[in-house]
Amino acid sequence: MGFSLKVKTKTGQHIMRDVSPSLTLSQLKSQIVAFTKLPPESMHILVGFPPRKLSMAGSEDSISASGIVNGDTLIVEEVAVETPAPERREDALLAAQSAAVAEDEFAGLLLKQVVPADNSCLFTSIGYALNGAVNTDCGVLMRQIIAEHVAADSETFNEAFLGRPNREYCAWILRDDSWGGAIEVSILSSFYGLEIAVVDITNAIINRFGEDKNYGQRIFLLFDGIHYDPLYLESLTGGVPRTIFPIEAESIYQQAEQLAKEAQASKQFTDVNRFTLRCLVCDCHLVGQVEAQAHAKSTGHANFGEV
């Protein structure tokens, strides 16, 4: 029996029926390109709960092998793709020399700062990265920022994109028991004017929010499937831990990549097909993403919390 997948874009939604589980990721992307008319090089696909960027590294892998299951919702985003200007050899050499000198500034270890698992871990993590302190109250402000941003652009943030009416979403995200995910990270990246690199342990990849905006700085968050923690640099020479890094700091990015691979290898992630959720509307306990999606579809309930 084929899969049924819902594809959401900022202009509407499309139902893909009888999709073969053996369909490859490249074939899936081609089909989505066919009805969205988006350039394939500028397309990002988010999947799952909470939404994660679908890695196309294994483009010939089947969609079922990539973790897509029957009933999943795919969120399709369009990002700008810029063509770099030609660079003179002398300029490239000077840039490389400057980068090499700058890397000495980032000698140290990239470590995780644990924050509370209280459904606001995303906001607490971003707050720590921005201010260097764990403050669980910062989520109130960030939720307001997101709600105001979404309410001000109902055309982009329509029901098809958000999964619920714009006004209903704004009321939902203001609740302290609502989870943040890809949509909220993208909005906060734009608001604070920096790239937010989410180190996804489950898939051992880094999802970069704001990478198309040419921001000069980035922060790193570690995501284990349901929980976010911020990353900081513990300098070998001591001093205050660093949480904000220039985009050019390649050694930090490489450390983050290695951290994702090591954490995945040691299974430091939450299996979204086995973790336990509680419906905050009817108090029903559910196991895994599939049960949560089925419950939401049959009851219309969309607020879930960790157990």
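Given the structure is predicted, the values throughout are model-derived calculations rather than measurements.
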Fill in: Close side-chain approach of Phe3 to Leu23, heavy-atom, < 4.5 Å
no
Worksheet item: Between Gln254 and Ser251, does any side-chain donor sit less than 3.5 Å from a side-chain acceptor?
Response: no
Discussion item. For a quick test of reading the model, state the closest non-hydrogen atom pair linking Pro116 to Thr136 and the distance between them.
Written reply: CG-CG2, 3.8 Å
Item to complete: Please report the closest heavy-atom contact between Arg242 and Pro246, naming both atoms and the distance.
Response: NH2-CD, 4.0 Å
Worksheet item: Does Lys29 NZ have over 12 foreign heavy atoms under 6.0 Å away?
Response: yes
Worksheet entry | Verify same cluster id: Ile187, Leu141 (apolar side-chain graph, 4.5 Å) | yes
Fill in: Spatial distance of atom CD1 (Ile63) from atom CG (Asp72) [nearest 0.5 Å]
9.0 Å
Practice prompt. Supply the atom-to-atom distance Asp137 CG to Asp176 CG, rounded to the nearest 0.5 angstrom.
Written response: 11.0 Å
Worksheet item: Run the side-chain hydrogen bond (donor to acceptor under 3.5 Å, both in side chains) check on Gln27 and Thr24 step by step: do they pass?
Response: CA-CA 5 Å; Gln27 291 171 332; Thr24 66; 3.2 Å; yes
Worksheet entry | Transitive ILVMFWY side-chain link Ile247 to Leu221, under 4.5 Å | no
Fill in: Evaluation steps, side-chain contact (heavy atoms from CB on, under 4.5 Å), between Ile206 and Tyr253
CA-CA 9 Å; Ile206 298 179; Tyr253 193 87; 3.6 Å; yes
Discussion item. Can you confirm whether Asp229 sits close enough to Gln113 that some side-chain heavy atom of one is under 4.5 Å from a side-chain heavy atom of the other?
Written reply: no
Discussion item. Quick check on the hydrophobic clustering: are Phe191 and Met142 connected, directly or via other members, by side-chain heavy-atom contacts under 4.5 Å?
Written reply: yes
Worksheet item: Does the side chain of Leu111 reach to within under 4.5 Å of the side chain of Leu231, using non-hydrogen atoms?
Response: no
Discussion item. Please determine whether residues Ile183 and Tyr192 belong to a single hydrophobic cluster, defined as Ile, Leu, Val, Met, Phe, Trp and Tyr linked transitively by side-chain heavy-atom distances below 4.5 Å.
Written reply: yes
Worksheet item: Closest heavy-atom contact between Leu38 and Val33?
Response: O-CG1, 3.5 Å
Fill in: Approximate separation, where rounding is to 0.5 Å, of Lys6 NZ and Ile75 CD1
10.5 Å
Worksheet item: Do the non-hydrogen side-chain atoms of Ile219 and Phe245 ever get within less than 4.5 Å of each other?
Response: no
Worksheet item: Nearest 0.5 Å, what's the CD1-CZ distance between Ile252 and Arg218?
Response: 10.0 Å
Fill in: Ser190 vs Lys213 side-chain heavy atoms within contact, under 4.5 Å
yes
Worksheet item: Taking it one step at a time, do Lys112 and Tyr232 satisfy side-chain contact (heavy atoms from CB on, under 4.5 Å)?
Response: CA-CA 6 Å; Lys112 175 178 73 174; Tyr232 67 93; over 6 Å; no
Discussion item. Between Gln258 and Glu262, is the side-chain hydrogen bond (donor to acceptor under 3.5 Å, both in side chains) condition met? List the steps.
Written reply: CA-CA 6 Å; Gln258 185 61 32; Glu262 293 174 354; 3.2 Å; yes
Practice prompt. Please work out whether the ring planes of Tyr169 and Trp172 are parallel, tilted or perpendicular, with thresholds of 30° and 60°.
Written response: tilted
Worksheet item: Would you find a donor on one side and an acceptor on the other, under 3.5 Å apart, between the side chain of Gln255 and the backbone of Leu110?
Response: yes
Worksheet item: Between Ser62 and Ala65, is there a donor-acceptor pair closer than 3.5 Å when you use the side chain of the first and the backbone of the second?
Response: yes
Worksheet item: So, Glu148 side chain and Ile145 main chain: donor-acceptor pair closer than 3.5 Å or not?
Response: no
Practice prompt. Check whether any side-chain heavy atom of Phe35 lies under 4.5 Å from a side-chain heavy atom of Val7, and answer yes or no.
Written response: yes
Worksheet item: Minimum heavy-atom separation for Asn166 to Val150, with atom names?
Response: ND2-O, 3.0 Å
Worksheet item: For the residue pair Pro230 and Val115, what are the closest heavy atoms and their distance?
Response: CD-CG1, 3.6 Å
Practice prompt. For side-chain contact (heavy atoms from CB on, under 4.5 Å), just list the numbers for Leu259 and Leu222, CA-CA rounded to whole Å, side-chain angles, deciding distance to a tenth of an Å, and then say yes or no.
Written response: CA-CA 9 Å; Leu259 190 156; Leu222 192 66; 3.4 Å; yes
Worksheet entry | Distance, nearest 0.5 Å, that separates NZ of Lys261 from CD1 of Ile205 | 12.0 Å
Item to complete: Answer yes or no: is there a donor N or O on one side and an acceptor on the other, between the side chain of Asn203 and the main chain of Asp200, under 3.5 Å?
Response: no
Fill in: Non-hydrogen side-chain atoms of Phe223 and Ile201 separated by less than 4.5 Å
no
Discussion item. For the OH atom of Tyr215 and the CZ atom of Phe209, what is their distance to the nearest 0.5 Å?
Written reply: 13.0 Å
Worksheet item: Going by distance alone, is a donor N or O of one side chain under 3.5 Å from an acceptor N or O of the other, for Ser178 and Arg143?
Response: no
Fill in: Check against side-chain contact (heavy atoms from CB on, under 4.5 Å), Leu233 and Thr243
CA-CA 6 Å; Leu233 182 71; Thr243 58; over 6 Å; no
Item to complete: Examine distances only and state if a side-chain atom of Ser186 and a backbone atom of Ala182 form a donor-acceptor pair shorter than 3.5 Å.
Response: no
Practice prompt. Using a 4.5 Å cut-off on heavy atoms from C-beta on, say whether the side chain of Trp179 contacts that of Ile226.
Written response: yes
Item to complete: Return yes if a side-chain donor-acceptor contact under 3.5 Å exists between Glu195 and Ser189, otherwise no.
Response: no
Discussion item. Given 3.5 Å as the limit, does a donor-acceptor pair link the side chain of Ser4 with the main chain of Arg17, or not?
Written reply: no
Worksheet item: With the 4.5 Å side-chain cut-off for hydrophobic clustering, are Val198 and Val114 part of the same group?
Response: no
Fill in: Under 3.5 Å donor-acceptor, Asn131 side chain and Gly127 backbone
yes
Discussion item. Looking at every non-hydrogen atom in both residues, tell me the closest pair between Val19 and Met16 and how far apart they are.
Written reply: CG2-CB, 3.7 Å
